[in-house]
Novice: 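Got a structure for you, written out below as structure tokens; questions coming shortly.
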Amino acid sequence: MNNELGEELCLLQPIDPLPADADTIAQDFRRYLDYHLGRFLGCDTVYLYHALAYVTRDHLMADWRNTWLHYQDPQLRRAHYLSMEYLIGRSLGNNLLNCELAEPMREAMERFSIRLEDVEAKEPDAGLGNGGLGRLAACFLDSCATLGLPVIGYGLRYEYGMFHQHIENGHQVEDPDHWLRDGHPWEIERPEFAQTVHFGGRVEHFTDAQGHEGARWTDTEDVVAVPYDIPIAGYRNKVVNTLRLWNASATSEFNLMEFNAGDYAEAVALKNQAENITMVLYPNDATENGKELRLRQQYFLTSASLQDVLRQWDGRPIEDFAKFNVFQLNDTHPSIAVAELMRLLVDEKRLPWEQAWEISRSCMAYTNHTLLPEALERWPVNLFESLLPRLLEIIYRINAEFLAEVRARWPGDMERVRRMSLIEEGPVRQVRMAWLAIVGSFSINGVAELHSSLLRQGLFRDFYEMWPERFNNKTNGVTPRRWLAHANPHLAGLLTDTLGDGWQADLARLEGLRPLADDAGFRERWCEIRHYNKQRLADLVAHYAGVRFDPSALFDVQVKRIHEYKRQLLNILHIIHLYNCIHSGDEERVPRCVLIGGKAAPGYVRAKEIVKLANNVAAVVNSDPLVGERLKVAFIPNYNVSKMEVICTGTDLSEQISTASKEASGTGNMKFMMNGAVTIGTYDGANIEILQAVGEDNFFLFGLHADEVAALRPQYEPQQYIDADPDLAAVLQLLESGHFNAVEPGIFDGLIGSLKSPHDPWMTLADFRSYIDTQQRVEQAWHDTERWSRMSILNTAASGMFSTDRTIAEYNAEIWRLKAIG
Ligand code: F85
């Protein structure tokens with residue numbers, strides 16, 4: 001038997017795992033440091049990290065190879081996860097945990113008087129994503145490997161990841177994140193699997209000798225896609241899956257051509273243009289700005305990945321393709337896959353259109369992550385035509401056949417045809433990429449119950465009426481390995497002592513904690529661990545924000561991307577309200593430390609103003625001697641995955657306060673809950689499922705529900721709320737007085753205006769009273785230490801269903817239908 005490279009499979013033998021004792025590890029570590037890296041023990045810790053990463057990777061290699069050999073089985077159905085983003089964070093600690101190497105590694109390091117934690121801290125975050133969507137992809141890969149599912153992740157190897165944020169005079173300033181600068185020890189370049197991706201050119205139509213029509217896409221500019229593989233280790237199961245990231249590089253022929261023409265400089269410039277494709281991650285998380293480079297990135301990912309899958313298929317009957325392959329589209333971003341698979345099957349494999357469509361449509365599945373219209377990608381037809389002319393033709397044909405179906409089903413309903421067309425008519429004709437994903441997929445899912453139901457009733461209603469059976473829900477999760485076992489080692493120890501080992505890959509077992517909420521001794525241990533974690537968080541805040549948090553205070557945290565719909569402003573209004581209370585001599589308050597963190601998209605002016613306001617309010621509150629220890633406010637710069645690993649373990653109160661119907665799911669909410677935080681939240685996204693799991697007594701619910709938001713919208717009058725609520729009036733008055741921007745008059749006028757506008761889509765003031773009252777209830781609960789620790793334990797106990805192991809098991813049972821290995 002041969003594999004895809006024509007190598008005899010019998011020559012591809014498994015290799016033995018390396019011995020994992022501390023002695024061998026210590027030796028290997030010295031060999032890497034001395035002989036490979038050429039560094040000394042006393043060198044910069046970053047090289048110690050590199051040596052450790054190489055040692056760890058060596059230990060993964062045998063299992064990685066065996067897993068790969070397993071996946072060569074032609075009878076094995078496989079899934080391909082297509083995502084523009086993977087927000088991986090650090091890998092060393094996670095790999096040590098999953099491969100049970102942490103203890104021998106720690107012991108080995110002790111021999112050199114090196115603390116493992118210090119080395120781990122040197123790893124830069126792999127920030128190849130914006131927020132929840134990218135982090136979800138990373139959690140999914142961890143669960144797929146842990147469940148032994150043959151799933152490969154495909155993505156882009158951005159040279160620059162998510163920008164680094166720092167704060168200057170309260171303003172967000174962006175610095176490029178050149179995360180690959182010191183090299184990336186986890187990746188392996190695989191030039192032997194490079195693919196060519198075409199752009200531009202024109203299309204010729206012809207009829208071949210057999211009388212079949214065909215299309216030839218010619219005069220293209222070609223870019224080579226080189227894959228870099230990253231190992232994804234399952235939890236203690238010897239499965240190592242692959243994340244394959246594509247890097248753009250110029251083709252050699254293409255350079256030579258220009259060089260022969262004598263224009264050397266032009267050749268180098270063109271090379272740059274090709275390599276630009278994977279240069280930088282777009283830092284927008286909600287608003288599509290229609291840049292050509294972004295469409296290039298999407299097509300580059302999609303085309304390279306589909307070609308890679310077809311290459312592995314080669315030699316097998318194409319009719320069976322959909323039986324053994326399924327693609328999951330992570331949001332609309334890779335939805336051009338629908339048209340690209342058609343191109344590959346029709347133009348390259350020479351399949352009849354109907355047969356190709358049957359195959360394509362049976363192997364694509366689409367996940368939607370948002371209802372916000374501004375996040376739905378639409379590409380101008382002109383742009384498409386010049387960049388991907390053949391794909392536009394294919395989309396036109398898909399559309400023509402699809403609309404014929406719509407007309408047949410709803411004769412005379414022109415309005416419906418206009419709404420459902422893949423092409424939006426208007427001054428600028430645009431391709432509706434979400435519609436393309438829907439038409440080309442056998443499964444369409446949202447990411448929480450409410451979100452999926454709103455998709456069916458609202459945004460995707462026409463499509464739901466046409467194909468109800470394609471729609472389903474898959475409520476998000478987070479991986480308990482990174483977010484509990486690794487992030488919270490003390491709590492993990494207590495869980496293992498209490499529940500026995502095994503909860504890490506069977507999180508429903510956390511239910512076993514419920515009875516212990518009534519056990520005073522257990523609560524005491526729980527609180528000691530929480531106190532330790534709060535001290536860790538306080539140290540982080542002191543280090544990065546320069547603000548001192550007292551671990552005995554209530555730690556109130558909102559960390560997530562900055563967006564108006566997430567309503568960081570509502571949080572800030574509450575802070576100002578507390579500040580007013582303190583100034584008016586209200587002694588009933590509990591000491592509270594409020595932490596806010598998150599990045600604003602660089603072009604999102606309003607979000608940047610929110611960052612500035614949070615910082616200014618923090619500065620005023622923290623320097624007011626009258627406030628003292630009663631209230632502290634900090635904005636933590638450069639919020640990212642590795643900071644969240646500390647933050648979520650030391651949080652008492654998790655702020656999940658989006659306008660109802662706007663947050664598709666949320667996943668930070670789950671990380672906090674798992675680690676024993678209590679949520680204050682609106683009836684939105686997965687908050688609803690968290691509330692159901694933990695019960696109303698252990699969740700602080702407030703605000704309008706989705707239907708109430710919709711009903712109020714046409715008659716929303718913020719001024720009415722101001723007139724009726726002296727606390728709100730006082731907060732706005734203080735804001736408008738310039739109290740928080742004494743030396744920068746007027747800078748918050750826009751923000752204040754947006755809050756007071758009847759057109760405020762986020763209706764922040766409508767929820768003010770309910771939020772303030774609920775925060776008051778939080779303080780009453782906090783007074784009662786026993787009650788709070790009970791709530792905390794019960795939150796962790798109920799968090800089992802928010803493991804991505806549950807989510808992925810559902811994707812597999814209902815969409816992928818893969819057989820687990822092992
Ligand atoms: C998030 N989406 C949702 N999008 O907001 C959360 O509610 C949900 O929990 C998670 O997905 C996981 O399901 C999200 O993170 C993006 O990052 C994003 C990135 C780019 C764009 C849109 C959204 C473009 C198309 C505007 C560039």
Side-chain angles (χ1 to χ4, degrees), residues 81 83-87 127-140 155-156 158 161-162 280-298 301 328-336 366-379 432-434 437 445-452 454-455 473-479 559-567 598-604 607 639 641 656-673 681-682 684-690 802 804 807-808 811:
Y81 196 78
S83 178
M84 293 283 286
E85 306 191 6
Y86 291 90
L87 230 185
L128 308 185
N130 273 284
L133 170 150
R135 182 55 232 177
L136 185 75
C139 285
F140 275 8
L156 295 179
Y158 301 109
M162 189 61 202
V280 60
L281 166 78
Y282 274 95
N284 312 319
D285 70 325
T287 313
E288 179 53 68
N289 53 15
K291 290 279 190 293
E292 173 180 328
L293 181 59
R294 169 80 182 178
L295 180 56
R296 277 185 193 267
Q297 290 185 338
Q298 296 183 346
L301 162 69
Q328 190 72 41
L329 307 179
N330 195 22
D331 215 339
T332 320
H333 317 162
S335 58
I336 184 82
Y366 162 55
T367 304
N368 172 279
H369 295 265
T370 183
L371 288 155
L372 300 186
E374 61 268 36
L376 288 185
E377 292 162 294
R378 287 165 230 261
W379 294 109
R432 294 164 162 158
M433 300 305 282
N445 75 280
V447 290
E449 290 289 352
L450 175 73
H451 173 233
S452 296
L454 292 173
L455 284 178
N473 172 251
K474 295 287 168 282
T475 299
N476 284 165
V478 303
T479 170
V559 286
K560 49 182 79 243
R561 288 299 293 260
I562 309 291
H563 199 291
E564 288 165 282
Y565 86 79
K566 295 178 188 281
R567 297 201 299 194
K599 293 174 186 177
Y604 186 177
Y639 170 62
V641 170
Q656 308 299 337
I657 61 178
S658 53
T659 310
S661 78
K662 299 302 174 188
E663 190 69 273
S665 162
T667 45
N669 47 3
M670 302 169 185
K671 295 160 198 167
F672 285 116
M673 178 203 199
T682 46
D684 198 17
N687 292 354
I688 299 173
E689 286 146 273
I690 289 178
F802 301 106
T804 35
T807 312
I808 289 298
Y811 273 89

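In listed order, ligands and their atoms are each counted from 1.
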Novice: Which atoms of ligand 1 have any heavy atom of Arg294 under 4.0 Å away?
Specialist: 25 (C), 27 (C)
Novice: With a 4.5 Å limit on heavy-atom distance, are the side chains of Leu156 and Gln297 in contact?
Specialist: yes
Novice: Heavy-atom contacts under 4.0 Å between Glu85 and ligand 1: side chain, backbone, both, or neither?
Specialist: side chain
Novice: Distance alone, cut at 3.5 Å: any donor-acceptor contact between the side chains of Asn368 and His451?
Specialist: yes
Novice: Side-chain atoms of residues 283-295: list all donor-acceptor pairs with protein atoms under 3.5 Å, sequence neighbours left out, distances to 0.1 Å.
Specialist:
from   : atom 1 : to     : atom 2 : distance (Å)
Glu288 : OE2    : Gly290 : N      : 3.1
Glu292 : OE2    : Arg296 : NE     : 3.3
Glu292 : OE2    : Arg296 : NH2    : 3.0

Novice: Nearest heavy-atom pair of Tyr81 and Tyr86: which atoms, and what distance?
Specialist: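 Looks like O-OH, 3.1 Å.
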Novice: My understanding is that only residues two or more places apart in sequence, or in another chain, count here; which of them pass side chain to side chain donor-acceptor pair (under 3.5 Å) with Glu85?
Specialist: Asn130
Novice: Counting heavy atoms only, name the option from Arg561, Glu288, Lys560, His333 that's nearest to atom 21 (C) of ligand 1.
Specialist: His333
Novice: Going by the atom numbers of ligand 1, which of them fall below 4.0 Å from some non-hydrogen atom of Gly132?
Specialist: 10 (C), 11 (O), 12 (C), 15 (O)
Novice: Which bit of Asn476 gets closer than 4.0 Å to ligand 1, counting heavy atoms only: side chain, backbone, both or neither?
Specialist: side chain
Novice: Please indicate whether any nitrogen or oxygen in Gly131 is less than 3.5 Å from any nitrogen or oxygen in ligand 1.
Specialist: no
Novice: Side chain or backbone of Ala286 under 4.0 Å from ligand 1, or both, or neither, by non-hydrogen atoms?
Specialist: backbone
Novice: Looking at Tyr565, which atoms of ligand 1 are within less than 4.0 Å of one of its heavy atoms?
Specialist: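 Once the distances to Tyr565 are compared, the set is 5 (O).
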Novice: For ligand 1, which atoms sit closer than 4.0 Å to a heavy atom of Asn284?
Specialist: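 Ligand 1 atoms under the 4.0 Å threshold to Asn284: 19 (C), 20 (C), 21 (C), 27 (C).
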